Amino acid sequence: MGRYLNLGNAGFQSIRKGLYVDKSKLIESINRTLGTKEKLTCVSRPRRFGKSFATQMLCAYYDKSCDSRELFQDLQIAGSEDFNRYLNQYYVIYLDITWFISTTDEIRHTVRYLQEEVIGELRKIFPAVTEEQRSFPIALSDVSEATGNKFIIIIDEWDALFREAKEDVELQKEYLQLLRGLFKSSLTDKMIEAAYMTGILPIKKYGTQSALTDFREYTMLQPQNLAEYVGFTEKEVQGLCQNYELDFDEAKRWYDGYSFSKIQSVYSPNSVIQAVRNGEFGDYWTETETYESLKHYIEMNLDGLKEAIFYMLGGMRCKINTRTFQNDMLNMKTKDDVLTLLIHLGYLAYDSEKKEVYIPNQEVADEFKNAVENSNWEEISAVLKASDDLLEATIRMDTDTVAAELDRVHESNTSILTYNDENSLSCVITIAYYAAQKDYTFIRECPAGKGFADLAFIPRKYADKPAMIVELKWDRSAQGAIQQIRGKNYAGALKEYMDDLLLVGICYDKKNKKHECMIEKYSYYSDST
């Protein structure tokens with residue numbers, strides 16, 4: 001076993017000793033590509049979404065220097081008809097690009113250092129590699145020609161150089177030249193049985209052309225048939241919550257929200273595992289990434305970006321064009337480029353059918369809140385920081401304070417938000433009550449009685465707060481909003497909360513540019529007569 005060639009299965013052994021969710025059927029997908037024209041696979045997904053777990057699993061399965069049967073015999077892949085055929089049958093070269101970056105003397109020497117290290121190890125095992133050889137692709141070709149062996153190459157964090165050396169174009173070109181030598185030459189079919197690369201970013205584009213066109217890519221925009229391996233599925237999280245006595249509804253609120261055409265609910269895997277281990281929910285994924293990186297991108301002065309973030313903080317979705325993004329972290333020309341990058345980083349989720357982007361869950365929403373509160377977006381920051389006071393004013397039925405605070409929210413953000421209908425009013429209300437999310441579930445257009453209530457605030461299990469039904473009116477009256485709640489029996493949808501339920505009517509008068517608020521306690525007797 002070596003450092004790069006045939007690492008063995010120790011990495012996957014340690015993974016199996018911990019809390020493990022079976023993702024071994026990924027191997028079946030890779031097995032189908034072995035030796036074919038689809039044998040080059042690149043999977044991109046955010047940090048802490050299990051990329052390295054997958055590479056360690058693949059190393060353990062294919063590596064001919066070890067016997068991994070016991071590690072896999074109780075996993076789903078063991079039932080595959082090709083399980084025995086490919087188990088521990090290949091020379092595997094494993095390259096962790098972050099390792100080379102951290103161990104070289106200077107980052108600009110990374111590509112040269114990588115080749116020297118791997119060639120040195122090949123030379124110890126295969127006499128066909130001469131002392132003069134300095135090219136990794138040619139050395140690999142010499143070995144294959146002399147021995148007839150084909151290799152499986154696994155590259156973890158393939159895009160690390162594009163992230164760590166954003167502005168070193170020459171280094172990036174040198175690195176791409178190396179990858180092309182391995183994967184885009186006439187000798188590739190002779191020396192490589194398959195390749196599997198992971199990263200955060202998709203393969204770099206130049207214009208509309210991928211730098212490595214022969215790879216089949218699976219991204220956060222289009223994970224295709226590998227969608228179930230992006231994170232944890234709802235069924236998997238339900239099983240974990242049942243086995244470890246966690247509240248599934250809370251797990252869904254905190255970590256769900258990523259959705260693809262083939263899998264509708266995908267959860268942040270590391271966060272779920274941390275919640276299980278600790279026995280409580282919290283911001284686990286974002287602990288691995290400072291909010292400063294998010295803050296850097298949302299502060300970019302690009303037309304429409306601030307408005308888009310504002311809308312998404314308010315629970316809305318935004319249309320997006322993902323096609324102009326060049327798959328790097330430097331060339332941001334439009335708001336859509338920034339939003340697309342945030343999809344790949346995991347800060348936003350993407351609806352491929354509607355071409356819309358949104359904040360996926362509570363964990364990520366908290367990170368946006370932290371970034372905005374510490375940014376130069378003073379108006380939005382002030383709203384978020386004051387939202388606790390607004391909630392308390394509402395609960396104590398202080399209608400004057402509520403109306404005045406909503407006036408302030410609107411006035412301070414007119415440059416960001418086009419405020420001309422109930423939809424935009426709903427967005428402002430949601431942001432103004434942002435702090436309430438820790439105690440409430442917000443339901444927009446809540447099915448209730450003879451129609452749909454604009455907003456329902458459902459208290460969480462642990463929260464000692466009243467439920468609230470909020471009806472919004474544009475250029476009418478708050479009293480009319482309350483009458484609609486009663487007349488259409490919206491309260492009927494919240495039967496279990498009728499002993500502690502507030503009816504909240506909010507109206508905006510576009511002529512006076514003022515909000516009006518009316519709050520009443522629900523009374524079963526008065527509403528049933």
Side-chain angles (χ1 to χ4, degrees), residues 44-51 200 218-223 226-238 240-241 247-275 281-289 291 293-295 297-298 305 308-320 322 325 335-336 338-372 384 427 430-431 434 437-438 440-444 460:
S44 58
R45 62 183 74 153
R47 284 185 176 90
R48 313 307 290 172
F49 267 66
K51 297 187 297 295
I200 294 175
Y218 302 86
T219 71
M220 293 297 285
L221 297 175
Q222 291 184 311
L226 299 189
E228 65 182 291
Y229 307 115
V230 171
F232 289 168
T233 65
E234 188 146 281
K235 182 178 179 181
E236 290 165 344
V237 175
Q238 285 174 333
L240 287 169
C241 288
D247 186 329
F248 170 71
D249 291 336
E250 279 295 285
K252 188 173 183 67
R253 176 175 78 92
W254 276 97
Y255 310 124
D256 187 18
Y258 303 95
S259 180
F260 309 112
S261 59
K262 294 182 180 294
I263 302 290
Q264 294 303 305
S265 282
V266 173
Y267 292 66
S268 175
N270 179 69
S271 300
V272 172
I273 292 295
Q274 293 298 328
F281 300 102
D283 298 326
Y284 296 115
W285 172 62
T286 49
E287 285 178 355
T288 67
E289 177 86 356
Y291 72 83
S293 61
L294 176 60
K295 176 173 170 278
Y297 290 109
I298 67 175
L305 179 59
I309 299 297
F310 189 99
Y311 266 101
M312 287 188 288
L313 280 169
M316 310 288 280
R317 295 182 172 208
C318 296
K319 289 290 185 182
I320 183 176
T322 63
F325 182 57
K335 75 171 178 63
D336 285 347
V338 174
L339 298 179
T340 304
L341 173 60
L342 295 180
I343 294 170
H344 291 299
L345 295 178
Y347 287 111
L348 294 175
Y350 177 63
D351 185 328
S352 60
E353 294 183 1
K354 296 181 179 179
K355 303 293 187 289
E356 293 176 340
V357 66
Y358 58 95
I359 297 174
N361 53 46
Q362 186 63 51
E363 184 179 39
V364 179
D366 286 348
E367 195 72 353
F368 269 94
K369 180 176 180 290
N370 290 337
V372 169
L384 296 176
C427 180
T430 304
I431 290 179
Y434 191 87
Q437 293 185 45
K438 66 178 182 291
Y440 288 93
T441 297
F442 290 9
I443 302 178
R444 292 176 180 274
R460 303 194 185 281

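Predicted, not measured: the structure shown is a model, and the values here were computed from it. Just so you know, these numbers use all the heavy atoms, side chains as well, and skip hydrogens, waters and symmetry mates.
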Report yes if some heavy atom in the side chain of [X] is under 4.5 Å from a heavy atom in the side chain of [Y]; otherwise report no.
X    : Y    : answer
Y267 : E236 : no
M312 : I309 : yes
S268 : R48  : no
I298 : V338 : no
L345 : L294 : no
H344 : F325 : yes

Side chain to side chain contact (heavy atoms under 4.5 Å, CB included) between V237 and E234, worked out: CA-CA 5 Å; V237 175; E234 188 146 281; 5.8 Å; no

What's the spacing between [X] [atom1] and [Y] [atom2] if we round to 0.5 Å?
X    : Y    : atom1 : atom2 : result
Q238 : K252 : CD    : NZ    : 8.0 Å
I431 : F310 : CD1   : CZ    : 3.5 Å
D283 : K369 : CG    : NZ    : 10.5 Å
T430 : F442 : OG1   : CZ    : 6.5 Å
S44  : L221 : OG    : CG    : 8.0 Å
S259 : E353 : OG    : CD    : 8.0 Å

Exercise: do T441 and R460 side chains pair donor with acceptor under 3.5 Å: yes

Any donor-acceptor N or O pair under 3.5 Å, side chains T233, E228: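 E228 and T233 do not have a side-chain donor-acceptor pair below 3.5 Å.
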
Y347/F368 under side chain to side chain contact (heavy atoms under 4.5 Å, CB included): CA gap, chis, key distance, verdict: CA-CA 8 Å; Y347 287 111; F368 269 94; 4.0 Å; yes

Of the non-hydrogen atoms in [X] and [Y], which two are nearest, and what is the gap between them?
X    : Y    : result
K51  : P46  : NZ-O, 2.9 Å
D366 : Y434 : N-OH, 4.0 Å
P269 : F232 : O-CE1, 3.6 Å
V230 : M220 : CG1-SD, 3.7 Å
D351 : R317 : OD2-NH1, 3.0 Å
I200 : R47  : CD1-CG, 3.5 Å

Side chain to side chain contact (heavy atoms under 4.5 Å, CB included) evaluation trace for N361 with W254: CA-CA 6 Å; N361 53 46; W254 276 97; 6.0 Å; no

Residues, nucleotides or ligands: over 12 heavy atoms within 6.0 Å of K354 NZ: no

E356 atom CD, neighbour heavy-atom count above 12 within 6.0 Å: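 Enclosed.
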
With D336 via side chain to side chain contact (heavy atoms under 4.5 Å, CB included) - residues at least two apart: I320, N321, T334, L339

Look at the side chain of [X] and the backbone N and O of [Y], then say whether any donor-acceptor pair between them is shorter than 3.5 Å.
X    : Y    : answer
E250 : F281 : no
N270 : F49  : no
R45  : Y229 : yes
Q264 : F260 : yes

Criterion side chain to side chain contact (heavy atoms under 4.5 Å, CB included) on D256 and V266, from CA distance to verdict: CA-CA 6 Å; D256 187 18; V266 173; 5.6 Å; no

